[in-house]
Number of protein chains: 2
Amino acid sequence: MVSIYDIAKRAQCSTMTVSRVINNTGRISEKTRQRVKAIMAEMNYVPNQAARSLVLQQTKIISLLITDITNPFYTTLARGAEDAAKRLGYQVMFSNSDENLDKEKEYIDTVLSMRVDGVLIAPAGDHSVEHLEKLRQYNIPFVLVDREVPGVESDRVLGDSKEGSKALVEHLIALGHRRIAFINGSLDISTARMRRAGYLETLKLNDIEVQPDYMFDTTYSRFDADPIIEKMIAMPKSKRPTAIFAANNFITLAAIRSLRAKGLRVPEDFSIVCFDDLDPDYIVDPFLTIAAQPAYDFGRIGMQMLIDRIHGPIDEYRSVILPSKLLVRQSSTPLT
Amino acid sequence: MVSIYDIAKRAQCSTMTVSRVINNTGRISEKTRQRVKAIMAEMNYVPNQAARSLVLQQTKIISLLITDITNPFYTTLARGAEDAAKRLGYQVMFSNSDENLDKEKEYIDTVLSMRVDGVLIAPAGDHSVEHLEKLRQYNIPFVLVDREVPGVESDRVLGDSKEGSKALVEHLIALGHRRIAFINGSLDISTARMRRAGYLETLKLNDIEVQPDYMFDTTYSRFDADPIIEKMIAMPKSKRPTAIFAANNFITLAAIRSLRAKGLRVPEDFSIVCFDDLDPDYIVDPFLTIAAQPAYDFGRIGMQMLIDRIHGPIDEYRSVILPSKLLVRQSSTPLT
DNA sequence: GGATTTAGAGTTATCGGTAACTCAAAAGTA
DNA sequence: TACTTTTGAGTTACCGATAACTCTAAATCC
C-alpha cells in the first residue's frame, strides 16, 4: 500500500512535508501543498493509523465492554455510545462478557494490548474490581455504565435502581398486593443490591413483613426460571405470592414463560412488574409494567464523559444518575 | 508503558530473544525462556498491538458495518459475528450507516486508514458498489451479509427473500385475501427487489392482477407511515386492500402505529404479515405473522467466511443462502 | 581430532508515520 | 546596506515490535 515515502518521492519533497500537508500543521507554501495534495489523491493515499498510533500513543479506539449486545438495554446503550464516539472522532470495539469474569478478563487483556484510548464498561460484577484496577494501573481511562463496583472510584453513569424499584413495588401495593415475590439478579452486581434495597424499603414503609422465601436470587442473563416458579407455586394458596417483581427483562421473560408452561396466566394469576426493560418501540403491544431506563443516554453520556477525560485530565470523578420512568401496562392488575 | 526494550535490558538479552519468548518462535534455551517470562510478568509487560500491526501488516480487527445495531435483526447478527470473531482471535469494530451512503463512505475511509483485516458489511444500497470497489482496490477482504450489490462479486451470506415473501403472500391468499398491499423498502436494496419479485410472482401464480396503487416504496429504517396509510384508506372500501405485506420490521411497526392512530385495528381491519422480524425472545406475546430469519447465523457464518478468506486466499467466491421460516400468528386472519 | 551441524542467541533494517531541531533563502527593518 | 526575522522546507531520531541474516560455541559425525 502506498505510504508517505511514495508520496514524498513523487512530489520530490521530504516525508515531513507530506506529513504536514496531511495534518495541516507547520508552514508550507500553498503551491507545495497543492502539489502534494494532488499526488496523494492521484496515488490513492490513505494514512496508516497503526503507524500513527505508534508514534502518537493514541489509537482513537474506545472499547465498549458490555455483558450482551442482544440485551435490548445494552443494544440501545451501544448505539448511543457509537453515535457519540463517531461525532468525536473515535471508533468503537465491542465485546460481550456474558457476566462472566473469565471472559471479561480476556477482553481486558486484549484491550490493553490494543492500547485503546479508553474503556466504557458495564462490569460483570463486584469481582471486576481486579480488572478495573488493571486498567487504572496501565493508565487507561474508563467509565462505568449501569453498574458500579465497590472500592472503585471513577466516572459513572448509573440508573436510579433503588427509586425505580420503589416505584414498581409501590405500584403493586397500591393495587392491593401484599405478598410480593422478588426475583433478583446476582447480589454481586450493584444494581441487584439497589433493587433489593428498594424492595425491602418499600415493604417496610408499608408495614409489610419481609418473607425471606419470597426472595430469589438468580442471574440477569437468560436462564430457566422453572425451579423458582415451582417453589413459589408449591406454597399453600393462602401464602403464595400474588405478584412478582422481576429485577430485569430476561428474568421477567423466563418467569412468564415458566408460569405459562404450568398453566398460570399473567396478570390473572400473578401480576408482574419489572425493571430494566427499555420498551423497544418495535413491540406492537407493550404488555409489561416496567421501570424504563434511558438506555441511549447511558451510552451517549458515558462515551462523552470518557472522551472528555481522555482529552484533558480531570481532577474529580463525576457521577450521572439517570432516572427511570414507571410505565404501567397490562402485566399488573388490582388484586381481586 | 513497559516495552520489549525494558524487558531486554533487565533480562540482559536482546529484544529478539524477548520477542521469541512472546511468540514462542525460534530457538531458545528453557532457562532463558523462564527468566524472560518471569521478568515480563514482574514488569507487567503487555505487547503493543499497534507496533505489531505495523510490521506484521495485520491488525486482528474486523469492521462490522451495518445499518443500525438497534434493528433486532442486526443486533443478533452482530452477536453471532462477535462470538465467531472472538473464537478466531479477532476484535470487532462496529458502525451504523443508517442506510446512508455518505455515512457509509466515511466509515469506509476510516476502515481503510485503520487497516482492518476485513469487513463484514450489510451495504446501504446498490450505490455502495463504489465503496466495495474501494475495499477491493486496497485489497481488503469483505463479505456481504443480508444484501448483495449488482456488479460486485464476493462472498455472501444472504436470506431467501424471494421464497420468504412467497410464503407470506401465499399465506394471505390462503386466508382468502385478494387485495394485498405491499409496502417495500428502497428498490436500491437487493432484498427489497427480491421481496418484490416474490410478491409479484405469487400474485401471478394465483391469477391475481397486480394493482400498482397497492405497491408502496419507502425505506427500511424508522419512518412515518401516515402518508401511505392515508392513501390506502382513501380508496373506496370495495377497492381497499384487506391485507398488507410489509417488507421489514420497521415498516410493519410504522404501519400498525399509523393504522391505530386512525382507529383501525390489526387484524380485524387489516391483516399484516412481514419479513425480517427476528422474533426476539423477550417479546411476551409474539403477535406478528413473520418470515423469521436466522440472524445469528448470518453473523456467525459471515464472520467465519471472512476470516477464512483472510487466512488463505480462496479462488472462488462462496454464497450461503439461509432459509427463513414462516411463523403464523395473530396479525393475520381469514378474510370474512 | 578436525569438519560439519545445530542450538542459542545477537545485529540490522524496516514497518509508516511524527516531534524536535536545523538551516538556507526570502522578506522586513533600521 | 547590513542585520534581523520569517518562511518553507529538510534531517534525524524514535514509537515498539519482527524478519532475515549473522555469528559463536557446543554437539555430532566420520
Side-chain angles (χ1 to χ4, degrees), chain A residues 1-37 39-40 43-61 109-117 138-140, chain B residues 1-37 39-40 43-61 109-117 138-140:
Chain A
M1 218 178 263
V2 11
S3 78
I4 208 172
Y5 292 93
D6 305 315
I7 305 293
K9 190 187 294 176
R10 189 93 96 84
Q12 308 210 64
C13 66
S14 72
T15 60
M16 258 328 282
T17 302
V18 180
S19 174
R20 285 182 184 118
V21 171
I22 295 168
N23 298 293
N24 247 313
T25 56
R27 293 188 240 277
I28 294 217
S29 72
E30 194 50 33
K31 201 176 126 200
T32 308
R33 176 189 310 283
Q34 292 309 332
R35 179 164 46 94
V36 172
K37 272 199 166 169
I39 292 177
M40 290 198 305
M43 301 184 75
N44 294 309
Y45 171 74
V46 179
N48 183 322
Q49 183 59 40
R52 217 178 233 164
S53 296
L54 192 54
V55 52
L56 294 182
Q57 305 280 29
Q58 55 155 355
T59 52
K60 290 286 179 180
I61 298 177
D109 286 340
T110 307
V111 147
L112 289 175
S113 107
M114 287 275 179
R115 302 288 199 272
V116 302
D117 292 345
Y138 287 94
N139 240 327
I140 299 192
Chain B
M1 218 178 261
V2 12
S3 79
I4 208 171
Y5 292 92
D6 306 313
I7 305 291
K9 191 187 293 176
R10 189 93 96 83
Q12 308 211 64
C13 67
S14 72
T15 61
M16 261 325 284
T17 302
V18 180
S19 174
R20 286 184 182 114
V21 171
I22 296 168
N23 297 293
N24 247 313
T25 55
R27 294 189 239 276
I28 293 221
S29 72
E30 194 50 31
K31 201 175 123 201
T32 309
R33 177 189 308 283
Q34 293 309 332
R35 179 163 47 93
V36 172
K37 271 198 168 170
I39 292 178
M40 289 198 306
M43 300 183 75
N44 294 308
Y45 171 73
V46 179
N48 183 324
Q49 183 60 40
R52 217 178 233 163
S53 296
L54 192 55
V55 52
L56 294 181
Q57 305 281 29
Q58 54 155 357
T59 53
K60 291 286 180 180
I61 298 177
D109 286 339
T110 306
V111 147
L112 290 175
S113 106
M114 287 276 179
R115 301 291 199 271
V116 303
D117 292 346
Y138 287 96
N139 242 326
I140 299 192

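Proteins come first, then strands; the chains are lettered A, B, ... in the order of their sequence lines, and each starts at number 1. Basis for what follows: all heavy atoms, side chains included, without hydrogens, waters or symmetry-related copies. Nothing here was measured: the structure is a model prediction, and the numbers come from that model.
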Arg20(B) vs Thr32(B), test: side-chain contact (heavy atoms from CB on, under 4.5 Å). Steps then yes/no. CA-CA 11 Å; Arg20(B) 286 184 182 114; Thr32(B) 309; over 6 Å; no
Over how many whole Å does the gap from [X] atom [atom1] to [N] atom [atom2] extend?
X: Ile4(A); N: dC14(D); atom1: CD1; atom2: P; value: 19 Å
X: Arg115(A); N: dG17(C); atom1: CZ; atom2: C1'; value: 18 Å
X: Met16(A); N: dC23(C); atom1: CE; atom2: P; value: 17 Å
X: Ile28(A); N: dT18(C); atom1: CD1; atom2: C1'; value: 13 Å
X: Lys31(B); N: dA26(D); atom1: NZ; atom2: P; value: 13 Å
X: Met43(A); N: dG16(C); atom1: CE; atom2: P; value: 13 Å
X: Met1(A); N: dG16(C); atom1: CE; atom2: P; value: 10 Å
X: Lys9(A); N: dG16(C); atom1: NZ; atom2: P; value: 12 Å

Of Glu30(B), Lys31(B), Lys37(B), which meets side-chain hydrogen bond (donor to acceptor under 3.5 Å, both in side chains) against Gln34(B)? Glu30(B)
Would you please confirm or rule out a distance under 4.0 Å between OP1 or OP2 of [N] and any side-chain N or O of [X]?
X: Thr15(B); N: dG10(C); answer: no
X: Arg27(B); N: dG8(C); answer: no
X: Asn23(A); N: dT18(C); answer: yes
X: Thr17(B); N: dG8(C); answer: no
X: Ser29(A); N: dG8(D); answer: no
X: Gln57(B); N: dT18(D); answer: no

Need to verify one output field. Residue with the more 5' nearest nucleotide on DNA chain C, Thr32(B) or Val55(B)? Thr32(B)
Relative to the 5' end of DNA chain C, which residue comes earlier, Arg33(B) or Ala51(A), by the nucleotide with the nearest heavy atom? Arg33(B)
Counting any heavy atom closer than 4.0 Å, what does [X] reach on the DNA or RNA strands: base, sugar-phosphate only, or nothing?
X: Ser53(B); result: nothing
X: Val21(A); result: nothing
X: Ser14(B); result: base
X: Ile22(A); result: nothing
X: Thr25(A); result: nothing
X: Arg52(A); result: sugar-phosphate

Is any side-chain heavy atom of Arg33(B) closer than 4.5 Å to a side-chain heavy atom of Asn24(B)? yes
Tyr5(A) side chain, from C-beta outward: closest of dG17(C), dA9(C), dT18(C): dG17(C)
Residue Tyr45(B), side-chain atoms from C-beta onward, closest of dG10(D), dA17(D), dC15(D): dA17(D)
Mind running side-chain contact (heavy atoms from CB on, under 4.5 Å) on Met1(A) and Arg115(B) for me, showing each step along the way? CA-CA 10 Å; Met1(A) 218 178 263; Arg115(B) 301 291 199 271; 3.2 Å; yes
Among Ile7(A), Ile22(A), Ile4(A), Ile28(A), which residue satisfies the side chain to side chain contact (heavy atoms under 4.5 Å, CB included) criterion with Thr17(A)? Ile28(A)
For the side chain of Arg20(A) and the base of dG10(D), is some donor closer than 3.5 Å to an acceptor across the two? yes
Atom OG of Ser29(A) and atom CZ of Arg35(A): how far apart are they, to the nearest 0.5 Å? 7.5 Å
